[in-house]
Novice: 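The structure under discussion is supplied below as structure tokens; questions concerning it will follow.
Every heavy atom of this structure was used, including side-chain atoms; hydrogens, water molecules and symmetry mates were not.
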Amino acid sequence: MKKECVAMLLAGGQGSRLYALTSHVAKPAVPFGGKYRIIDFPLSNCINSGIDTVGVLTQYQPLELNAYLGSGQPWDLDRSDGGVHVLPPYVQAGDQGTWYKGTANAIYQNIGFLELYDPEYVLILSGDHIYKMDYSRLIRRHKESGAACTISVLEVPMEDASRFGIMETDGAGRVTRFQEKPSQPKSNLASMGIYVFTWSKLRSYLEADEADEASSNDFGKNIIPAMLEAGEHLGTYRFSGYWKDVGTIRSLWDANMDMLCPTAGFELYDEEWPIYARSPVRPPHVTGVHADVSHSLLTGGCVVDGTVKDSVLFHSVTVEPGAYICSSVLMPGSVVKAGARVEYTIVAERAVIGEGAVVGGAPGEGEEPEIAVVASDLLVAPGAHVAPGAMIQENVEGGAKHE
């Protein structure tokens with residue numbers, strides 16, 4: 001059962017910045033790009049990279065995510081020797097047990113799982129990023145450099161650097177300084193939250209971190225700084241492709257819109273690097289005689305009789321006659337009734353926009369768009385008005401205005 005590398009995918013985040021979209025589902029299970037969920041991207045990267053053993057660490061609202069993962073068959077991870085394993089927090093004998101206290105503690109609590117495969121290397125991944133990456137190149141870089149840890153990095157705009165773990169490196173790419181979300185960053189080289197560790201090294205640091213009662217038990221705040229302070233060789237792997245952290249409403253909307261843009265740098269139709277997903281069985285989408293659909297993604301089971309522009313429609317969406325959809329994301333089973341208008345909005349699963357209702361709106365010239373959100377299973381009643389940027393988490397009455 002020995003594996004050279006085991007991937008550990010951190011998928012237990014609450015995703016509080018996504019507000020209404022994660023009230024009943026873990027962030028990695030949030031629908032994305034018409035037919036996917038966010039977790040499809042790291043899982044597909046794993047199997048495309050030749051990594052066939054993946055632990056998925058769940059915690060917050062895991063039911064839908066667990067059901068979606070199932071046996072791992074869509075990603076070719078339904079294997080008797082490896083495959084995908086769902087790893088929730090659990091109580092051990094003689095221990096009261098705890099929730100995962102941080103990213104490092106989550107791995108610490110699963111040392112027993114890793115011991116089953118006795119890996120040389122452990123790959124740490126996040127479940128809330130949209131990207132394609134050949135992890136085998138990262139691992140090869142790690143092996144060739146002899147590092148204890150190799151961090152995947154990319155350059156970000158300097159004005160955004162304070163949102164990331166930022167590092168400075170020498171000419172050989174070795175980390176000389178690391179700061180977690182610095183207020184005044186001195187570099188724009190940002191950690192992607194993707195690490196490969198030599199397992200024997202990582203285990204010793206996890207155990208020391210767990211023994212420190214003052215620790216936050218976090219990779220960026222504790223493990224990486226501790227390794228750097230101890231003089232360990234921390235290397236970097238520079239990534240230059242498309243990567244998006246979809247942890248906010250705006251970034252999630254941006255990434256969905258990028259799926260419509262051929263110059264955004266993300267290719268959904270790359271046959272050499274497919275993105276796998278568990279897709280429901282639905283009939284082909286259909287557009288009515290008076291439908292007007294342009295520059296949009298439509299998936300199976302959609303019935304469109306209105307106008308759809310610059311938008312992403314998931315399966316089983318209904319757009320009735322006279323409805324107008326623009327620059328929006330309509331998640332599975334949502335309905336836009338006749339004469340309703342939806343602009344710059346994310347409509348969550350099974351939500352209904354009533355007849356003549358107005359949700360969101362286009363930005364003024366030179367202004368940044370404000371993205372409205374309607375939570376799953378809600379009704380925006382006929383004639384209601386939802387302002388741009390509003391977060392709707394309860395039914396909206398007819399004629400009501402929500403700012």
Side-chain angles (χ1 to χ4, degrees), residues 3-15 22 25-30 32 36-79 82-90 99-114 116-117 119 121-136 138-139 149-152 191-197 199 202 206 217-220 223 239 243-247 275-278:
K3 297 286 184 178
E4 181 184 42
C5 182
V6 172
M8 300 292 275
L9 204 168
L10 300 166
Q14 182 175 354
T22 54
V25 65
K27 181 165 55 173
V30 169
F32 176 83
Y36 308 103
R37 293 180 186 254
I38 296 170
I39 199 171
D40 289 327
F41 293 84
L43 287 176
S44 297
N45 287 339
C46 282
I47 200 64
N48 289 335
S49 301
I51 298 172
D52 63 7
T53 305
V54 184
V56 180
L57 285 68
T58 62
Q59 178 161 279
Y60 172 79
Q61 295 285 4
L63 184 61
E64 188 168 343
L65 178 59
N66 293 352
Y68 183 73
L69 292 171
S71 66
Q73 184 273 332
W75 309 273
D76 192 24
L77 289 169
D78 53 337
R79 304 183 177 214
V84 67
H85 300 258
V86 176
L87 303 173
Y90 65 95
W99 291 111
Y100 292 144
K101 296 180 288 184
T103 54
N105 174 258
I107 305 300
Y108 173 82
Q109 287 199 38
N110 287 285
I111 286 177
F113 167 76
L114 288 164
L116 291 174
Y117 295 100
Y121 310 104
V122 173
L123 178 67
I124 308 296
L125 305 172
S126 174
D128 54 2
H129 298 157
I130 303 299
Y131 65 111
K132 294 179 183 178
M133 178 187 284
D134 187 345
Y135 300 137
S136 68
L138 168 62
I139 295 166
C149 169
T150 302
I151 305 168
S152 187
S191 168
M192 299 170 66
I194 299 169
Y195 317 100
V196 59
F197 290 91
W199 171 231
L202 175 59
L206 289 175
N217 305 123
D218 183 82
F219 278 104
I223 300 294
F239 179 75
W243 179 82
K244 182 81 76 171
D245 180 341
V246 288
I275 303 300
Y276 302 101
R278 185 181 298 281

Novice: Taking all heavy atoms of Ser152 and all of Met133, pick out the closest pair and write down the distance.
Specialist: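 Closest approach of Ser152 to Met133: OG-CE, 3.1 Å.
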
Novice: Quick check: closest heavy atoms across Cys46 and Leu125, and the distance to 0.1 Å?
Specialist: SG-CD1, 3.6 Å

Novice: To check you understand the geometry: which heavy-atom pair defines the closest contact between Ala277 and Tyr36, and what is its length?
Specialist: CB-CD2, 3.7 Å

Novice: For residues Tyr100 and Asn105, report the shortest heavy-atom separation together with the two atoms involved.
Specialist: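 Minimum heavy-atom contact is CA-OD1, 3.5 Å.
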
Novice: Would you compute the distance between atom CD1 of Ile151 and atom CD1 of Ile194 and round it to the nearest 0.5 angstrom?
Specialist: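 Here the interatomic distance stands at 11.5 Å.
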
Novice: Backbone N or O of Pro28 within a donor-acceptor pair of the Arg37 side chain at under 3.5 Å?
Specialist: no

Novice: For the backbone of Tyr135 and the side chain of Asn45, can you confirm whether one donor and one acceptor N or O come within less than 3.5 Å of each other?
Specialist: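 Pair absent, no side-chain N/O of Asn45 close to backbone of Tyr135.
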
Novice: Which value, rounded to the nearest 0.5 Å, describes the distance between Leu43 atom CG and Ile275 atom CD1?
Specialist: 10.0 Å

Novice: To the nearest 0.5 Å, how far apart are CD1 in Ile223 and CG in Leu206?
Specialist: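 Ile223 atom CD1 to Leu206 atom CG measures 5.0 Å (nearest 0.5 Å).
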
Novice: For the residue pair Asp128 and Ile38, what are the closest heavy atoms and their distance?
Specialist: CA-CG2, 3.6 Å

Novice: Indicate yes or no for a side-chain donor-acceptor contact from Thr22 to the backbone of Lys27 under 3.5 Å, with no hydrogens or angles considered.
Specialist: no

Novice: Between Glu64 and Ala29, is there a donor-acceptor pair closer than 3.5 Å when you use the side chain of the first and the backbone of the second?
Specialist: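 It does not hold such a pair.
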
Novice: Please verify the inter-ring angle class for Tyr195 with Phe197; under 30° counts as parallel, over 60° as perpendicular, anything in between as tilted.
Specialist: tilted

Novice: Looking only at the aromatic ring of each residue, does the gap between the centers of Tyr68 and Trp75 stay below 6.0 angstrom?
Specialist: yes

Novice: Quick one: pull up CD1 in Ile107 and CH2 in Trp199 and give me the separation to the nearest 0.5 Å.
Specialist: 8.0 Å

Novice: Is the backbone N or O of Phe219 less than 3.5 Å from a side-chain atom of Thr103, with the two atoms forming a donor-acceptor pair by type?
Specialist: yes

Novice: Measuring from atom CE of Met192 to atom CH2 of Trp243, what distance do you get when rounded to the nearest 0.5 angstrom?
Specialist: 6.0 Å

Novice: Specify the closest pair of heavy atoms between Ile39 and Ala11, including all atoms of both residues, with the distance to one decimal.
Specialist: CD1-CB, 4.3 Å

Novice: Between CG of Leu123 and OG1 of Thr53, what distance do you get to the nearest 0.5 Å?
Specialist: 12.0 Å

